[in-house]
Amino acid sequence: MTTKTTDSSPGNIDAEESVSEVFKLLSHHRRRVALKYLATQAGATPVSDVADQIALLEGEHTRDRYERICTSLVHAHLPILADAGAIGYDHDREVVELRDQRTDILQYLDH
């Protein structure tokens with residue numbers, strides 16, 4: 001049986017795209033951990049602190065593992081979060097902070 005959607009207003013399409021983008025943003029566990037950790041911090045936080053937290057949660061806090069986590073944060077995960085407006089990321093100072101206007105993302109982390 002085919003279900004037909006009768007409400008095709010642009011508002012619903014935007015809402016669905018927005019939710020899809022949030023889920024895509026949260027699809028990697030390191031981005032989820034980073035956001036959760038940043039939600040507990042006041043102001044700018046060093047990237048190294050975020051990497052430490054991830055290494056602890058992943059259960060293997062060796063120097064090599066820590067460096068790989070830092071690399072993945074700097075080259076992949078933090079730019080993705082920054083481009084989405086979820087965090088402020090200062091690459092030169094190597095600090096990040098949660099953006100106030102994007103704290104609505106945090107509600108999805110609890111599910």
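Thr71 places a side-chain N or O within 3.5 Å of a backbone atom of Glu67 that can act as its donor or acceptor partner.
Inter-residue side-chain proximity for Arg30 and Glu58 is flagged as met; some heavy-atom pair is nearer than 4.5 Å.
Taken to the nearest 0.5 Å, the CD1 atom of Ile54 stands 8.5 Å off from the SG atom of Cys70. In this structure, Lys36 NZ and Leu26 CG are separated by 9.5 Å, a value rounded to the nearest 0.5 Å.
Under the 4.5 Å side-chain contact rule for hydrophobic residues, Leu57 and Val50 share a cluster. Linking Ile, Leu, Val, Met, Phe, Trp and Tyr whenever their side-chain heavy atoms come within less than 4.5 Å puts Leu25 and Val19 in one cluster.
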Between side-chain atoms of residues 73-98 and protein atoms elsewhere (two or more places apart, or another chain), which donor-acceptor pairs fall under 3.5 Å?
from: His77; atom 1: ND1; to: Arg31; atom 2: NH1; distance (Å): 3.0
from: Asp90; atom 1: OD1; to: Asp92; atom 2: N; distance (Å): 3.1
from: Asp90; atom 1: OD1; to: Arg93; atom 2: N; distance (Å): 3.0

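Partners of Arg32 under the salt bridge (charged side-chain N to carboxylate O under 4.0 Å, His left out) rule, at least two apart in sequence or in another chain, do not exist in this structure.
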